[in-house]
Amino acid sequence: MDLLTGLNDKQAQAVTAGDGAVLVLAGPGSGKTRVLTHRIAHLIYNQHISPETIMAVTFTNKAAGEMKERLNKLLGGRVGGLQIGTFHSICARLLRREGNHTRYGHDFTIYDGDDQLTALRQAVRETSVDSKKFPPERIRYAISTAKNNLITPAEFTPLDYFGEMVGRVYPRYQSILQDNNAMDFDDLLMHMVLLLRNNVDVRQKYERRVAYLLIDEFQDTNTAQYALVGLLGSPQNNIFVVGDEDQAIYGFRGADYRNVAQFRKDYPDAMQIILDQNYRSTQRVLDVARSLIEKNKHRTPKYLFTERKGGRKVIIQEAYNEAFEAQFVLEQIESLRKKANLAWSDFAIMYRTNAQSRAFEEACIREGLPYRLVGGVGFYKRREVKDLIAYLRVIQSTTDKISLERIINTPKRGIGDKSFQGFMDWVQSECENSVQRGFERLLAHEYGTLAPKTARLFGEFVALISKWRKLASQGSLVALFDDITASLHFNLYLHEISEDNRQEQERQENVQELRGLLVTADSEGLSLADFLADLALVADAEGESRERDAVTLLTLHAAKGLEYTAVFLTGVEEGLLPHSRAFDEPDGLAEERRLMYVGITRAKEYLYITHAFRRTVFGSNQTTVPSQFLFDLSGDDVEGMSPMTEHILTERKTRQQTVWEVSPMPTLNKPPKPTEPVSQRQMDIRAKITPFGGGSAPQPNKPPAKTQFQSGDRVSHAKFGRGSVLISKKEGEVEEVTVAFDDRRYAIKTVEAEYLEGV
């Protein structure tokens, strides 16, 4: 059997590498799965290594299944005893096998997420920790982080007050798991490491049994997984790891790309092989990707090349707002599909945050394009969105009993299943089976036989609904929405149901995306009934498209390992990509750059990068700033950048070259005064963008009122510091000024002119 046929020189070198540690740095599209499977086949077929002594570890069950399938084809089924699986599945199997060496035995239970939360809530109650201030979901995340860093309850050291609460709950939670003879997923890794470290007999057993260890996606390993690699691979150290620092995008899950550098230190004699021939993309796409990623430090330089020379230039396109951005993307998909004879499934629309999917989902529904949402829940099916829509439906009509049941104790107000059933029984027997009649009697303090506690709790709820109905009748849906979220302390509710800050922020973004729809509805003069009717049509159609041949909508994090003929990388703006959260984390900006790199390298032939001039952010329409990453892209390989974007990026480049800064984060400086001919032309172009599809950017019906500040003026704010005016407009006597502040914590904000001073 010739296992090297079709492999390039470096792939063949990796497959046939001798014993000892091997580090394979595999660029995107370089055939790493093929190298892994051929390496295993080479060990079995050519080196006559017993399959039972080979262990291959992947990060997903899908990847493990694909590897098994390929090996079966290569070796004709001669893979009996070969150990292939994820870290968790392999550890579960080994812990059951070695049950007599643990307190859990052979038949322990593995708790899923719901089981974990049940046990954790019990631990929170029993340790008298306030579950409202310290939600169990957040405590679970903190405990998971501790376990993945191999920190046991006895070793846990609190760093703040929240940490003290975690330190109180963690031991009790662990004892509850032990009482139920159960482990959570993180226990599987931690207990396997502890068993191998502390039990000499077991460790020596696996030192003999695991002769060759192969690890996929090595850059995604955490502390516990890295420790397992060392323990299972010793003492032979026949460890074959495949990874790529440039594709390390899961830091928020605890993955540490620095394990690649640590591997070099721990195995100084390791052979290093770089797979740099790409079999996916055109050279132009690869050059653009390299021009971006080479700005990151602490990486191994890779110069990806392909036999597919040339290729289409990468298109950078500015849209007026997110609606026109979605329209442009769909128009390009329709055009390319016809010109290049492509299937719907050849296209992918990628974005940084889940909330961005809404505009594309609605555009696909409106235009009748088949689509599928990968790695996420449709916008209108997300928990916090469904909760708020249910409130709006009950405000509109109490006949929607399903919505009423959803919100009656959301957020928690002490109305359990028993109280709700008591209320419904009372409605049936004393209110002519009319919830509306029941609400009216409660408002009139006519309780009949209703239990006093139930009457009080429902009376408070009905008073809220009554207040909101009056607001709805006054016409402003945004005012109604804001009062609902404020009265319910909805941000606190989002905090309580979120596992970590990242998830909480995503939920807040979804809520504000919904608020943005109400802003639009108000501008169109829609009533609450009209809005809900339109919403129902869109939300109902959201799940209809399930064809295999469909446009893929997905986040950049979900795009890893996938490829498409045409990729649309959308929302490439400051605050989105890079995400605003990145500036608060030491490696945040570098990881955001890696994330964009992953998105770019998914494209085979066509790559479009889009950004919007205006975008609804946290429910208000704001002017955006193009992403600093656009400045990094190879100028010879891109086209379509707007004059104003070029102007902003040029100013950034000048600032970077002339101003000493600790952080490379560029700021938007004052543009040349509008009286200068060239700059005025640029400003006019930006202000009069013609949206895609032949429409026009919104224009005022009358000349704008004279304002105190002009575009380009430098101003100062007492809290936000100095910045540059982007837009200033007057509504009546109030002048609203949109400012790009120099302090990156504040980015772009709209404030009233009276709070600004010219500088």
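Note that the structure is predicted; figures quoted are calculated from it, not measured.
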For L595 and H557, work out which heavy atoms get closest and say how close. CD2-CE1, 3.6 Å

Where the side chain of D522 meets the backbone of L477, is there a donor-acceptor pair that is under 3.5 Å apart? yes

Please name all residues satisfying side chain to side chain contact (heavy atoms under 4.5 Å, CB included) with A355, sequence neighbours left out, ordered by chain then number. T353, E509, N510, E513

Looking at every heavy atom in both W426 and E446, which two are closest together, and how far apart are they? CZ2-O, 3.7 Å

Straight-line distance of Q421 CD to M424 CE, nearest 0.5 Å: 7.5 Å

Under the side chain to side chain contact (heavy atoms under 4.5 Å, CB included) test, which residues partner R581, sequence neighbours left out? R352, R502, Q505, H579, E585

Is the shortest side-chain heavy-atom distance between L471 and S476 below 4.5 Å? no

Is it the case that atom OH in Y755 sees more than 12 heavy atoms from other parts of the structure closer than 6.0 Å? no

Charged N to carboxylate O below 4.0 Å: is that the case for K132 and E496? no

Between R383 and Y493 the two heavy atoms that sit nearest each other are NE-OH, 3.4 Å

Evaluate the side-chain proximity of V169 to R125: yes if any heavy-atom separation is below 4.5 Å, no if none is. no

Within a radius of less than 6.0 Å around CG of D130, do more than 12 heavy atoms belonging to other residues, nucleotides or ligands occur? yes

If you look only at pairs with a residue in residues 447-457, which of them pass as a salt bridge (Lys or Arg N to Asp or Glu O under 4.0 Å), with sequence neighbours excluded? R456-E460

Roughly how far apart are L569 CG and L577 CG, rounded to 0.5 Å? 6.5 Å

Audit row: L388, T485, side-chain contact (heavy atoms from CB on, under 4.5 Å) steps and yes/no: CA-CA 8 Å; L388 288 168; T485 53; 4.1 Å; yes

What pairs with Y141 under ring-ring contact (aromatic ring centres under 6.0 Å, His included), at least two apart in sequence or on another chain? none

State, yes or no, whether a side-chain contact exists between V124 and I139 at a heavy-atom distance under 4.5 Å. yes

Classify the side-chain pair E574/T624 by whether it contains a donor and acceptor separated by less than 3.5 Å. no

In sequence, state the C-alpha distance, the side-chain angles, and the governing distance for H495 and E504, and then conclude on side chain to side chain donor-acceptor pair (under 3.5 Å). CA-CA 6 Å; H495 178 78; E504 181 181 351; 3.1 Å; yes

Electrostatic pair E325:R614 at N-O distance under 4.0 angstrom: no

Flag if over 12 foreign heavy atoms under 6.0 Å of CD, E754: yes

Do any N or O atoms from the side chain of E591 and from the backbone of G251 form a donor-acceptor pair under 3.5 angstrom? yes

Taking only residues two or more places apart in sequence, or in another chain, which ones meet T552 in a side-chain hydrogen bond (donor to acceptor under 3.5 Å, both in side chains)? none

Where do L404 and F439 land on the side-chain contact (heavy atoms from CB on, under 4.5 Å) test, with the steps shown first? CA-CA 12 Å; L404 176 62; F439 278 20; 4.2 Å; yes

Please identify each residue that fulfils side-chain hydrogen bond (donor to acceptor under 3.5 Å, both in side chains) with R507, with sequence neighbours left out. E384, S498, Q503

I need the full list of salt bridge (Lys or Arg N to Asp or Glu O under 4.0 Å) pairs touching residues 467-483, with sequence neighbours left out, sorted by first then second residue. K467-D483, D482-R515

By side-chain hydrogen bond (donor to acceptor under 3.5 Å, both in side chains), Y447 pairs with (sequence neighbours left out) H445

Aromatic contact, F328 with Y320 (centres under 6.0 Å): no

Side-chain (R358) to main-chain (L514) donor-acceptor, under 3.5 angstrom: no

By ring-ring contact (aromatic ring centres under 6.0 Å, His included), F458 pairs with (sequence neighbours left out) F423

Decide yes or no for F613 and N321: does some side-chain heavy atom of the first lie under 4.5 Å from some side-chain heavy atom of the second? no

Quick one: does N409's side chain have a donor or acceptor within less than 3.5 Å of a partner on G414's backbone? yes

pair R722-V715: side-chain heavy atoms closer than 4.5 Å: no

T610 backbone acceptor or donor facing T570 side chain under 3.5 Å: no

Partner set under side chain to side chain contact (heavy atoms under 4.5 Å, CB included) for K386, not counting sequence neighbours: R406

Measuring from L369:CG to F360:CZ, what's the distance to the nearest 0.5 Å? 12.5 Å

Does the pair Q508 and N491 meet the rule for a side-chain contact (heavy atoms from CB on, under 4.5 Å), with working shown? CA-CA 7 Å; Q508 288 175 343; N491 280 338; 4.0 Å; yes

Shortest non-hydrogen pair, L576 vs G571, comes out as CB-O, 3.4 Å

Indicate yes or no: at least one non-hydrogen side-chain atom of S716 is less than 4.5 angstrom from one of L756. no

From CZ (F134) to OG (S131), nearest 0.5 Å: 10.5 Å

How long is the straight-line distance from CZ of R372 back to CG of L553, given to the nearest 0.5 Å? 10.0 Å

Among all residues two or more places apart in sequence or in another chain, which pass the side-chain hydrogen bond (donor to acceptor under 3.5 Å, both in side chains) test with R413? Y391

So, T454 side chain and L450 main chain: donor-acceptor pair closer than 3.5 Å or not? no

Can you confirm whether I333 sits close enough to I349 that some side-chain heavy atom of one is under 4.5 Å from a side-chain heavy atom of the other? yes

Search all heavy atoms of P578 against all heavy atoms of Q628 and return the closest pair with its distance. CG-NE2, 3.8 Å

The reported gap from CG in L480 to CZ in F531 (rounded to nearest 0.5 angstrom) is 10.0 Å

How would you list, by chain and number, every residue that makes a side chain to side chain contact (heavy atoms under 4.5 Å, CB included) with S128, sequence neighbours excluded? none

Dump the intermediate steps for side-chain contact (heavy atoms from CB on, under 4.5 Å) on F568 and M350, then the final yes or no. CA-CA 6 Å; F568 293 83; M350 300 180 186; over 6 Å; no

Heavy-atom closest contact (L556 atom, G599 atom, distance): CD2-CA, 3.6 Å

For a 4.5 angstrom cut-off between non-hydrogen side-chain atoms, does I484 reach W468? yes

Check the pair S357 / R382 against side chain to side chain donor-acceptor pair (under 3.5 Å), numbers first and verdict last. CA-CA 12 Å; S357 74; R382 293 167 193 166; 2.9 Å; yes

Is the backbone N or O of A612 less than 3.5 Å from a side-chain atom of E573, with the two atoms forming a donor-acceptor pair by type? yes

